[in-house]
Amino acid sequence: MNTGLDKAIGLLKIVNSTKINSRPVYELFSLNGYSLWGFFQNHIWEYILSGPPSTANGVKDNTWRQNFRVFVLRISAITISLLSFFIILIRRPRVFIFTGDIVIGNFKNDPRIEQVYKYLNARKISYAELVHTRLSSSFVKNFFKRRRPVIYLEAIDHLMSLARIFGYRSYFSEINEQDIEQNDAPEDFKDNLKIIIWTCSQRSERLVFKIKVLSKILSWLGPKALVMIDDMRYYHEVIVASRDAKIETISLQHARFNKYIPEWTYYGIPPSLCAVPDKCIVWNDFWKNRLIALSPVFAHFRDRIIVGGRPHAERRGMTIARQTQDDVLTMLIPHEVRGDREAILNYIRSFLFCPNTRIFYLLRRDLSSSKQLREIPREIMGNTDRFKVVYELTPEITSEADLVAGTQSTLLYEMITIEKPVAIMRNTGMTQASDLIESGMAGYLDLNAPDICHQLNHLASVSREELVRRRKILEVKVPIFETFDSIFSPLIRK
C-alpha cells in the first residue's frame, strides 16, 4: 500500500469537491461545455505531492541577462511558429501530430509514437507537427535537428501578453478568498487549497486564450485528424481546440494506467464535463479493461476506446529471451524518474551485497545521461564487475537478465511480454506499478524483510508456464498499421 499516495488522492478529492459561492470549482471554470478543472489534475497532484513549484533553476530573482534570455527564447518560439504556420498553410497537410519536443531516431521524433511517423511516411500522407516544449536553448537545437516546420504550443501562451495590450479581457471573474468554502479540508491544508485555486484560476485565463487561438490556427490549416500521445498534462486544450475546429482527435497510449495517475480518473468531476479524444487507442484488452475499471470518465466514453496495438519504436532487445543457466543472478533495473531516490539506491546496495548478483542499470533515452549518472553514488558505480550502466536495451542484455526490478517504469510491463520475471520495489515513495501485483504478474521486494537475497532468488525462479501466462495477458496482438488504416483511410478520403 502507498500510504503517502493514498493520502494525496484524498486531498485531491477534497480539492475537486471544493465550492466557491456554493458552486463546485469544476463548474466555475468551463469553456465550450468542458471543465477546465479537469485540465489541472496533474498540476494539482504535483502540488500536493511536492509543494509549490520552485523558481526556474533555483533562482529567486532573475538577473537582467536571464530575463533577456527568456525574452529572446519567447520571441524565437513565436517567430518559428509564425513562419511555420505560413509554410504549413501552403502545404495543407492532412494530419497534425501533437508531440513532445523529442528528436530521436530516423524521423527525429518522440520514440513513443514512432509508428505514427512510419505509417504516415509509408502511406505518403502529409503531416505537420504541433509541439509542446520547454523554452531553453535545447528547443532551438531540436528545431534545427528536426528540420521541419513546427508550431510551438508555448508560443501561443506568450502571445497573450501582447493581446492584453490590444484590449484582450479576462474570461473569468476574479476569485475572492473569502468565497472559498473549505469545510472538508484539513486545517493544515487550507492555505494550500487557496493557493491551488488561485493558481488554477490564473492558468484558466491562459488556457481559454490558448484554446481560442489554437482553434483558429487549426481551422485555417484544415487537417482532417490530429493524432497525439495521451500525455494528459498538455493534451486537453488541444482536444477542445480541435473539436471546435471540427477536427477528429486520436490519442495513443504511451504508458500504464493506474489510480496514482489522477489525470485518468478525474476524481469527482462529472464525465460529461471532461475533454476526451474522439478515439483512444490502447495496446490490448488488458489495458482497455483496466482503464474502464479505473476511470468513471472512460467508462462513460468506453465506445471511444480502441484496442489497436503499440505506437512505440521497436526495441531491438524486445524478443522472447531464454533464461541464463549460470550461477549468477543478473538483474535489469531501469532508471526511475519518480520516487524516493535514496530508497531505490538502498535496494541496489542490498542487491550488490548478495553473492553472485550483478546489475544492468538501464538509462532512459529521453533524459540527459549525465544527469542520470550523477544520481548514482561512487560506491555503487565502483562495482564495475557487478554494476554496469547500459544506454540501450539489446538482445544480449534481455537474454542474460534473470529478474527485472523497478517501481513504475513501463519497461516492467514490456519485460513481462518477453517472459521475464518482474519484481516491484516496495516502500520507495512511488510504487505505481503495484497493479502488476494485484494482477498476479509480479512480486514484491521488501527491503525490511529478513533476507533480500532469498527474495531475489525466489522471484527469479518463476516457472516457464507462469511466465507464458503473464505474457499472454499483456501481449499486443493487433498490428498498429491495421488500426491506422481503419482510422485514417475514411478521414483522408473526406
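Starting from 1, each residue takes its place in the sequence as its number.
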Listed partners of [X] passing ring pair (Phe, Tyr, Trp, His ring centres under 6.0 Å), at least two apart:
{"X": "Y127", "result": "Y117"}
{"X": "F481", "result": "Y119"}
{"X": "H312", "result": "W283"}

Is the positively charged end of R426 above the ring of Y444, judged by distance under 6.0 angstrom from the centroid and angle within 45° of the axis?
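Ring-cation test returns yes.
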
I'd like to know if the side chain of [X] reaches the main chain of [Y], judged simply by a donor and an acceptor atom lying under 3.5 Å from each other, with no hydrogens or angles considered.
{"X": "T249", "Y": "D278", "result": "yes"}
{"X": "S295", "Y": "W264", "result": "yes"}
{"X": "S84", "Y": "P149", "result": "no"}

Given K145, R146, K141, R134, the one that forms salt bridge (charged side-chain N to carboxylate O under 4.0 Å, His left out) with D101
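Result for salt bridge (charged side-chain N to carboxylate O under 4.0 Å, His left out) with D101: R146.
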
Residue that, paired with E414, satisfies salt bridge (charged side-chain N to carboxylate O under 4.0 Å, His left out) out of R256, R471, K420, R310
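So the option named by the test is R310.
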
For Y152, which of F139, Y234, F85 qualifies under ring-ring contact (aromatic ring centres under 6.0 Å, His included)?
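So, applying the ring-ring contact (aromatic ring centres under 6.0 Å, His included) to Y152 and each of F139, Y234, F85, only F139 qualifies.
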
Taking salt bridge (Lys or Arg N to Asp or Glu O under 4.0 Å) as the test, write out the residues that go with K259, two or more places apart.
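Partners of K259 under the salt bridge (Lys or Arg N to Asp or Glu O under 4.0 Å) test: D6.
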
Output all residues satisfying side-chain contact (heavy atoms from CB on, under 4.5 Å) with S138, sequence neighbours left out; order by chain, then residue number.
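S138 satisfies side-chain contact (heavy atoms from CB on, under 4.5 Å) with S136 only.
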
Go through the structure and list residues passing side-chain contact (heavy atoms from CB on, under 4.5 Å) with D244, not counting sequence neighbours.
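Partners of D244 by the side-chain contact (heavy atoms from CB on, under 4.5 Å) criterion, ordered by chain and then number, come out as N32, S215.
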
Shortest non-hydrogen separation from P270 to Y26 and the atoms involved
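Heavy atoms of P270 and Y26 come nearest at CD-CE1, 3.4 Å.
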
